[in-house]
Amino acid sequence: MPPTLYEWAGGAPAFRRLIDAFYDRVERDDLLGPLFPGGVSEAHRAHVTAWWCEVFGGPPLYTEQLGGYERMLAHHRRLRLVPEQRFRFATLMSRAADDAGLPDDPEFRAAFVGYVEWGTRLALANSQEGAAVVEHAPVPRWGWGVAPPYQPS
Ligand code: HEM
């Protein structure tokens with residue numbers, strides 16, 4: 001069995017470094033900074049870290065303690081994001097993975113950007129006025145996809 005992406009990345013401390021590096025960039029960003037007037041709070045950073053840990057195979061804290069998928073959805077509804085903001089979000093996530101020293105092997109990064117692409121496209125769609133959203137769902141669990149680490153038999 002391959003390790004989870006959460007384990008491979010370095011667990012909760014690695015995801016906290018990622019999220020801090022990301023929002024530090026967001027705060028200075030012309031397209032994304034205005035979404036967080038006054039800066040990105042400690043509570044927001046902690047909650048989003050819990051989300052990412054759970055998605056990548058860590059403990060289900062966001063589901064059990066923070067309101068799960070429905071809370072995440074509620075935060076994105078009617079933000080009216082535009083495609084340029086989604087693309088910037090995805091770009092800054094890739095840069096933040098470097099800032100935070102996440103593993104840079106092709107397998108991990110392919111899985112990582114796969115989730116970022118998927119999640120940001122959903123967020124963009126769900127944020128539109130009158131969007132037909134999925135009201136209830138589990139927090140997703142992401143995996144290695146078609147490229148787990150090669151392990152010679
Ligand atoms: C992989 C994609 C994404 C993930 C995993 C994600 C995750 C989250 C989560 C978990 C929350 C709720 C935090 C809480 O529980 O307090 C949240 C809120 C928020 N997200 Fe995202 N998000 C994504 C994409 C985006 C994009 C593309 C944007 C903007 C371009 C965005 C902007 C925001 C904003 C502004 C909030 C706070 C809204 C408020 O406080 O009312 N998100 N996000």
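All figures in this text were calculated on a predicted structure; none of them were measured in a lab. For ligands, and for the atoms within them, numbers begin at 1 and follow the listed sequence.
Between the R80 side chain and the E129 main chain, no donor and acceptor come within less than 3.5 Å of each other. Within the 3.5 Å criterion, the main-chain N or O of A111 finds a donor-acceptor partner in the side chain of W142. The backbone N or O of V26 sits nowhere less than 3.5 Å from a side-chain atom of R88 that would complete a donor-acceptor pair.
Of all protein heavy atoms, the one closest to atom 25 (C) of ligand 1 is F89 CE1, 3.3 Å. Nearest protein heavy-atom neighbour of atom 4 (C) of ligand 1: W52 NE1, 4.4 Å. Nearest to atom 15 (O) of ligand 1 among the protein's heavy atoms is Y62 OH, 2.4 Å. In this structure, the protein non-hydrogen atom closest to atom 8 (C) of ligand 1 is H76 CE1, 3.5 Å. For atom 11 (C) of ligand 1, the closest non-hydrogen atom on the protein side is V48 CG2, 4.1 Å. Taking atom 36 (C) of ligand 1 as the reference point, the nearest protein heavy-atom neighbour is H44 CE1, 3.8 Å. With respect to atom 34 (C) of ligand 1, the closest heavy atom belonging to the protein is F36 CZ, 3.6 Å.
Few gaps surround CZ on R77; more than 12 heavy atoms of other groups in view lie less than 6.0 Å from it. Other residues, nucleotides and ligands contribute at most 12 non-hydrogen atoms within 6.0 Å of the CZ atom of F87.
At a 4.0 Å heavy-atom cut-off, ligand 1 touches L79 through the side chain alone. Heavy atoms of R71 found under 4.0 angstrom from ligand 1 belong exclusively to the side chain. Looking at R88 against ligand 1, nothing comes within 4.0 Å, counting heavy atoms. At a heavy-atom distance under 4.0 Å, no atom of W118 approaches ligand 1. Only the side chain of L32 comes within contact range of ligand 1, with a heavy atom under 4.0 Å; no backbone atom does. Heavy atoms from both the backbone and the side chain of H75 come within less than 4.0 Å of ligand 1.
The shortest non-hydrogen separation linking L81 to A123 is CD1-O, 4.0 Å.
Using a non-hydrogen distance threshold of 4.0 Å, L66 does not register as a contact of ligand 1.
Note on D98 versus R109: salt bridge recorded, some NZ/NE/NH1/NH2 to OD/OE distance being below 4.0 Å. A salt bridge links R45 to E27: at least one charged side-chain nitrogen sits closer than 4.0 Å to a carboxylate oxygen. A salt bridge links E117 with R121: the closest approach of a Lys/Arg side-chain nitrogen to an acidic carboxylate oxygen falls below 4.0 angstrom.
Atoms of ligand 1 lying under 4.0 Å from at least one heavy atom of G119, given by number and element, are 1 (C), 2 (C). Per-residue contacts place L81 under 4.0 angstrom from the following atoms of ligand 1 (heavy atoms of the residue considered): 26 (C), 28 (C), 29 (C), 30 (C). Interface atoms of ligand 1 facing M72, defined by a heavy-atom separation under 4.0 Å, are 9 (C), 10 (C). Remark: ligand 1 atoms within the under-4.0 Å shell around heavy atoms of Y115 are 1 (C), 5 (C). Atom numbering of ligand 1 starts at 1 in the shown order; those under 4.0 Å from a heavy atom of A123 are 24 (C), 25 (C).
There is a side-chain donor-acceptor pair under 3.5 Å between T120 and R86.
R71 places a side-chain heavy atom less than 4.5 Å from the side chain of Y62.
Among the atoms of T120, none of the N or O lies under 3.5 angstrom from an N or O of ligand 1.
Taking the six-membered ring for Trp and thresholds of 30 and 60 degrees, W52 and F56 have nearly parallel ring planes, at less than 30 degrees apart.
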